[in-house]
Number of protein chains: 4
Amino acid sequence: MINFQIDYAEGAHPTIMSALMQTNMLQTPGYGTDYYCQQAKEYIQTYLNPTKCDIHFLMGGTQTNLTFISHVLRPYEAVLSPSTGHIAFNETGSIEATGHKVIEIPSIDGKVTLEALQKIVAAHNTVHMLKPKLLYLSNPTELGTLYSKQELERLSHFCQDHQLYLYLDGARLGSALTAPSNTLQLSDYAHLTDAFYIGGTKNGALFGEALVISNPLLQDCFRFSMKQKGALLAKGRLLGIQFAELFQNQLYFKIGQEANSMAQLLKEGLSTLNFPFLVDSDTNQLFPIFPNSLIDYLHQRFTFLVWDTYDESHSIIRLITSFSTTRQDIYEFLSSIIQFQEKDALQR
Amino acid sequence: MINFQIDYAEGAHPTIMSALMQTNMLQTPGYGTDYYCQQAKEYIQTYLNPTKCDIHFLMGGTQTNLTFISHVLRPYEAVLSPSTGHIAFNETGSIEATGHKVIEIPSIDGKVTLEALQKIVAAHNTVHMLKPKLLYLSNPTELGTLYSKQELERLSHFCQDHQLYLYLDGARLGSALTAPSNTLQLSDYAHLTDAFYIGGTKNGALFGEALVISNPLLQDCFRFSMKQKGALLAKGRLLGIQFAELFQNQLYFKIGQEANSMAQLLKEGLSTLNFPFLVDSDTNQLFPIFPNSLIDYLHQRFTFLVWDTYDESHSIIRLITSFSTTRQDIYEFLSSIIQFQEKDALQR
Amino acid sequence: MINFQIDYAEGAHPTIMSALMQTNMLQTPGYGTDYYCQQAKEYIQTYLNPTKCDIHFLMGGTQTNLTFISHVLRPYEAVLSPSTGHIAFNETGSIEATGHKVIEIPSIDGKVTLEALQKIVAAHNTVHMLKPKLLYLSNPTELGTLYSKQELERLSHFCQDHQLYLYLDGARLGSALTAPSNTLQLSDYAHLTDAFYIGGTKNGALFGEALVISNPLLQDCFRFSMKQKGALLAKGRLLGIQFAELFQNQLYFKIGQEANSMAQLLKEGLSTLNFPFLVDSDTNQLFPIFPNSLIDYLHQRFTFLVWDTYDESHSIIRLITSFSTTRQDIYEFLSSIIQFQEKDALQR
Amino acid sequence: MINFQIDYAEGAHPTIMSALMQTNMLQTPGYGTDYYCQQAKEYIQTYLNPTKCDIHFLMGGTQTNLTFISHVLRPYEAVLSPSTGHIAFNETGSIEATGHKVIEIPSIDGKVTLEALQKIVAAHNTVHMLKPKLLYLSNPTELGTLYSKQELERLSHFCQDHQLYLYLDGARLGSALTAPSNTLQLSDYAHLTDAFYIGGTKNGALFGEALVISNPLLQDCFRFSMKQKGALLAKGRLLGIQFAELFQNQLYFKIGQEANSMAQLLKEGLSTLNFPFLVDSDTNQLFPIFPNSLIDYLHQRFTFLVWDTYDESHSIIRLITSFSTTRQDIYEFLSSIIQFQEKDALQR
């Protein structure tokens with residue numbers, strides 16, 4: 001089976017595994033107080049200047065989201081999220097389990113518009129409703145789409161004007177940062193959000209995410225929340241070593257770039273074959289609309305997700321690429337489609 | 001500095017790192033549904049027979065404790081724990097954060113006696129108090145002591161008679177299983193508890209714990225709780241590969257044995273030098289009582305924890321060994337003590 | 001100002017106040033263990049036969065909802081509610097504060113259809129989503145509409161088939177039970193739901209709701225949850241005395257009937273004047289659509305809620321009646337409308 | 001049976017019932033936004049000057065404690081309470097249910113000493129432990145004892161120096177304020193604590209407590225927390241009317257005084273009969289030590305609580321008086337003791 005289902009099907013990028021091997025028997029203190037974590041933070045900070053940030057390493061995306069969000073909210077405060085947001089539909093109520101409602105802003109392409117945000121904030125105006133306090137965004141979104149710098153600036157200003165925190169889930173930030181249409185740098189994220197995370201798991205790390213907290217008011221005691229939520233890794237060095245490797249020589253960007261370029265190749269191939277897409281994406285997630293019969297055929301050799309029903313005979317599928325996707329994988333996928341079409345034409 | 005502070009100062013045991021390297025670029029599905037996790041569960045199950053158990057792999061001890069305990073308790077139910085229990089004083093209120101009180105049973109040596117347990121259960125008899133529902137034990141305890149099979153049986157029967165769940169934290173179970181005085185096998189834990197975990201982090205794994213749920217009534221939907229608490233590792237295979245390696249050829253026991261034998265060597269040396277101990281231990285944690293001046297002297301070359309004040313001029317310290325502790329480390333520690341004593345004698 | 005805003009603008013129905021006065025200096029034990037609570041439960045039970053139920057008295061609707069729902073759900077289980085449900089938009093995240101997501105089923109008229117329910121249950125099919133476990137309904141709904149017996153039976157059977165609990169919020173059950181189109185008796189609620197509450201606050205009580213738990217599996221230890229959530233009134237007798245009075249001689253039904261008949265009178269008047277309604281209702285809540293200029297005019301003499309915008313120049317308003325609404329109140333309201341229309345006609 | 005068990009065995013003080021009757025059919029807006037609540041706040045504020053406070057009315061003590069404490073704490077913050085504190089042993093884990101540990105400070109007489117407080121705060125010094133943030137005290141304590149003004153000042157200064165909130169449970173504050181040895185006025189509580197509550201339920205109200213928040217930083221959005229926890233009474237006026245009555249003409253103090261004077265009479269009688277007491281108290285709770293045989297004898301005619309075992313043949317009992325206790329009740333109790341003693345002497 002060839003994998004277009006997930007971008008975390010392997011262990012780590014070989015460079016990272018090699019770093020873990022080389023440091024394996026060195027001894028360090030625990031819980032992220034070691035030299036490697038310090039070094040990794042310094043490498044990352046160089047990309048965030050001039051905003052001075054607190055950086056913490058956690059083990060996964062759901063953990064990072066729930067630990068940060070529960071850390072900053074008061075009991076009567078709620079999260080705003082696009083209905084497509086990972087915390088809204090794909091993390092088993094992890095935010096609610098910490099006591100906070102996720103108020104959904106309807107979205108089809110994964111993005112929140114300023115207008116939709118304004119409307120929902122305005123509607124929360126009595127003591128019988130929660131106070132919206134944190135806007136959750138993802139970039140790229142769960143649909144592979146991207147916010148432009150201007151869009152993020154507008155949302156950021158609205159949040160500041162309305163005393164909302166802006167938190168951005170960067171599970172696939174490597175893909176966003178290196179997308180052809182990208183207009184946002186790491187320093188922009190530090191400047192425009194109160195916190196965001198740089199995803200490692202889906203961009204070549206063995207595991208791990210780097211949470212960047214730029215709002216000084218939200219930095220206090222965060223390690224207490226990490227420990228309480230089971231998010232303070234005993235051998236914290238493992239995360240430090242990986243993120244040092246990812247940001248010492250731009251490996252993080254290289255990995256994102258590789259995933260994107262394979263997605264672009266695939267997208268061009270599908271476009272040539274005239275398949276429509278649910279949304280336009282130049283990151284490592286594509287959402288073409290396929291006939292159900294083709295999907296069944298392809299599932300014999302390829303793994304990928306059926307995202308949603310499109311119409312009676314078509315579905316939207318999700319195709320994901322990663323640094324380990326090869327040109328050969330893409331060509332086999334496209335060939336299989338053509339084979340199916342030829343076979344299908346004969347049978348009619 | 002020579003480490004007697006923690007048993008998780010390195011990466012992983014070399015055999016485990018090697019297994020992670022060899023499998024690194026193989027592709028698997030995510031979230032613990034892969035072949036390696038399946039294999040690891042089968043290896044572990046052979047040690048648990050005839051009790052048929054559900055096995056899950058999580059990332060750390062605090063996470064395992066909070067995920068399991070919150071999974072099984074109703075809102076009005078509480079945990080019973082020795083006052084020395086890790087969840088009671090060393091996990092930043094992680095259990096309370098899920099809504100449940102940890103009722104402390106006073107303990108000095110880390111163990112719960114049947115008498116103390118009976119008394120506290122009897123005292124909880126009105127609607128104005130919580131219903132105790134789960135007894136939390138550690139073996140070895142946080143003081144390095146061990147429960148005998150008879151002791152665990154008595155506690156287990158009491159729990160059954162009083163409809164209490166018995167859950168055992170095995171963060172250092174490798175040391176317990178291979179201690180000279182040990183009378184409990186893995187199959188006994190499966191039989192006598194409702195659930196327990198086999199600690200990897202402190203016994204040679206890169207990270208990870210294997211939770212064993214033997215009570216069928218507590219098995220349902222546990223993966224939902226894992227996902228919700230951020231405890232479902234995307235690349236779950238990493239845990240499967242490690243635990244397969246640990247239990248395929250008894251590596252888990254070998255690592256525990258190495259830590260214990262170094263602790264025994266150290267204990268014999270300290271006994272020869274006539275240091276008293278807070279409690280007797282034949283696992284990898286020792287709690288000798290040292291003069292404060294000696295502690296200051298040793299801290300120049302060795303890391304270790306000062307556990308508690310003993311009297312005006314003495315403290316209880318904690319010395320921990322691991323598979324990576326060498327005979328040379330032990331001898332240097334003992335030599336340093338003798339050097340201090342000689343210098344001290346001269347100065348008087 | 002004449003009140004069409006709330007049905008809890010006074011103290012209690014005079015009969016109830018009188019009962020509280022007469023019993024005031026009698027002494028009873030606390031926390032609902034008194035004679036009056038026992039008596040009230042027996043009176044209510046006669047309406048529930050043959051289903052044998054546990055009955056508890058709580059202080060308010062939000063409290064009843066959050067205490068019951070958190071009592072029965074496991075951490076990974078969620079509530080299903082129409083988007084119009086009180087717990088979804090009008091109780092300040094009280095359910096989420098106990099750790100559970102409220103999954104909204106889109107609704108305009110306040111009711112859940114079987115089709116919408118089926119679809120949303122089917123969509124929750126992975127470990128990355130919560131398990132829907134409890135369906136929350138209100139009757140009458142927050143829009144004043146009613147479920148027929150057949151509709152409730154169909155929903156109830158679906159819940160049984162899918163291991164969902166069915167819980168019904170009866171904040172205004174007095175109005176439902178006595179509505180012209182009503183087809184459901186108290187014994188039907190006991191039979192078709194796992195639990196429901198009989199609202200006192202909005203039907204003549206000083207305060208208080210009677211929770212009826214008919215599913216024996218959900219009855220255990222409920223008083224512990226009440227105490228924990230601050231819902232176990234010290235002078236529990238106050239609730240017992242009130243509900244005994246309400247159900248000893250059908251006062252509960254009489255009060256509901258009075259509210260409904262005033263609403264019917266108002267509805268007929270508005271219909272004669274050709275105002276459209278958002279939904280048809282024969283309970284004590286009406287949702288007519290009024291010109292905004294008329295609303296401004298009426299607000300000088302009448303209190304009522306503007307429910308939602310209808311179009312540029314019209315809004316949906318909510319008019320509520322209660323046992324204390326008089327025919328005179330209705331006639332003044334209708335007269336004011338006619339005055340406005342005449343004045344308006346002149347100005348054109 | 002004559003009641004020495006609870007001070008909330010009746011409805012309300014007749015003056016309060018009368019006020020509720022007179023206002024019963026007046027209409028007001030809901031949720032505490034009415035005229036009576038406003039008036040009651042103004043009456044209470046006159047006792048708090050010069051400290052300007054926010055005042056809220058809630059329905060019971062457990063509800064007030066859990067709503068306020070959860071409102072002010074961050075997830076990683078804990079409560080400090082004497083082991084005798086109501087929240088520690090008598091409220092069914094209500095604080096833990098909101099996510100916060102109650103750290104117990106050992107106490108026998110119900111009070112916290114500065115030394116014990118210092119020690120436990122100093123011990124919480126790592127990321128593996130919670131941050132103590134709020135000190136919970138009761139006055140009078142659960143043992144009927146009182147803090148002096150000097151004692152409360154010292155604790156208050158310590159709290160300020162260590163950034164701890166000081167919160168005081170005044171369930172029986174009426175008894176404290178009117179005790180012979182009292183040195184603390186309501187204005188002192190406002191000045192020395194961050195918040196405290198004035199208990200109504202146990203001092204003549206039908207139900208209800210008045211929470212006084214003097215720290216401006218803790219006042220924001222408190223009504224949201226009230227609504228969320230089910231603590232915002234729909235007919236909030238009921239609480240306003242009662243507290244207006246209690247503080248308009250010093251009724252609150254008069255009721256406390258009556259309870260105290262009956263307790264003093266009882267105490268003098270018991271002292272004459274040479275019964276020892278667990279602690280000295282001049283409030284409305286007494287803790288004499290009685291032979292078990294006498295306790296059995298008295299339980300035939302009197303209700304009271306057996307607090308704890310004293311020795312093999314003696315127990316500590318709790319006797320409570322209230323405004324409704326009569327001289328006759330006291331004399332009958334003392335007579336019964338003498339009868340028992342005479343009978344007992346004969347039998348020997």
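Throughout, protein chains are lettered first and strands after them, A, B, ... in sequence-line order, and every chain is numbered starting at 1.
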Validation row: B/M17, A/L20 side chains within 4.5 angstrom (heavy atoms): yes

A/R327 CZ: over 12 foreign heavy atoms closer than 6.0 Å: no

Nearest-0.5 Å distance, CE of residue B/M21 to OG of residue A/S18: 6.5 Å

Partner chain A: residue of B/H13, B/M59, B/Q5, B/R237 with the largest heavy-atom pair count (under 4.5 Å): B/R237

Any side-chain heavy-atom pair of B/K227 and A/T62 under 4.5 Å: yes

Worked verdict on B/Q27 versus A/M1 for side-chain contact (heavy atoms from CB on, under 4.5 Å): CA-CA 10 Å; B/Q27 293 194 323; A/M1 299 291 273; over 6 Å; no

Option in B/A234, B/S324, B/G60 with maximal non-hydrogen atom pairs under 4.5 Å from chain A: B/A234

Distance (rounded to the nearest 0.5 Å) between B/T201 OG1 and A/L233 CG: 7.0 Å

Closest heavy-atom pair and its distance - B/T28, A/I6: O-CD1, 3.8 Å

Heavy-atom pair of closest approach, residues B/T92 and A/F224: CG2-O, 3.6 Å

For the student: nearest non-hydrogen atoms of A/G11 and B/K235, plus distance: O-NZ, 2.7 Å

Exercise: identify the closest heavy-atom pair between B/E10 and A/N24: CB-O, 3.5 Å

Residue part contacting chain B, namely of A/L26, when any heavy atom lies under 4.5 Å: backbone

Minimum heavy-atom distance B/K229-A/A97, with the two atoms named: NZ-CB, 4.0 Å

Chain B contact via A/L206 - which portion, at a heavy-atom distance below 4.5 Å: both

Plane angle bin for B/Y8 and A/Y31 - parallel if under 30°, tilted between 30 and 60°, otherwise perpendicular: perpendicular

Contact winner vs chain A - B/A12, B/S70, B/G30, B/P14, heavy-atom pairs under 4.5 Å: B/A12

Part of A/N90 within contact of chain B (heavy atom distance under 4.5 Å): backbone

Shortest non-hydrogen contact from B/Q228 toward A/G93: NE2-O, 3.7 Å

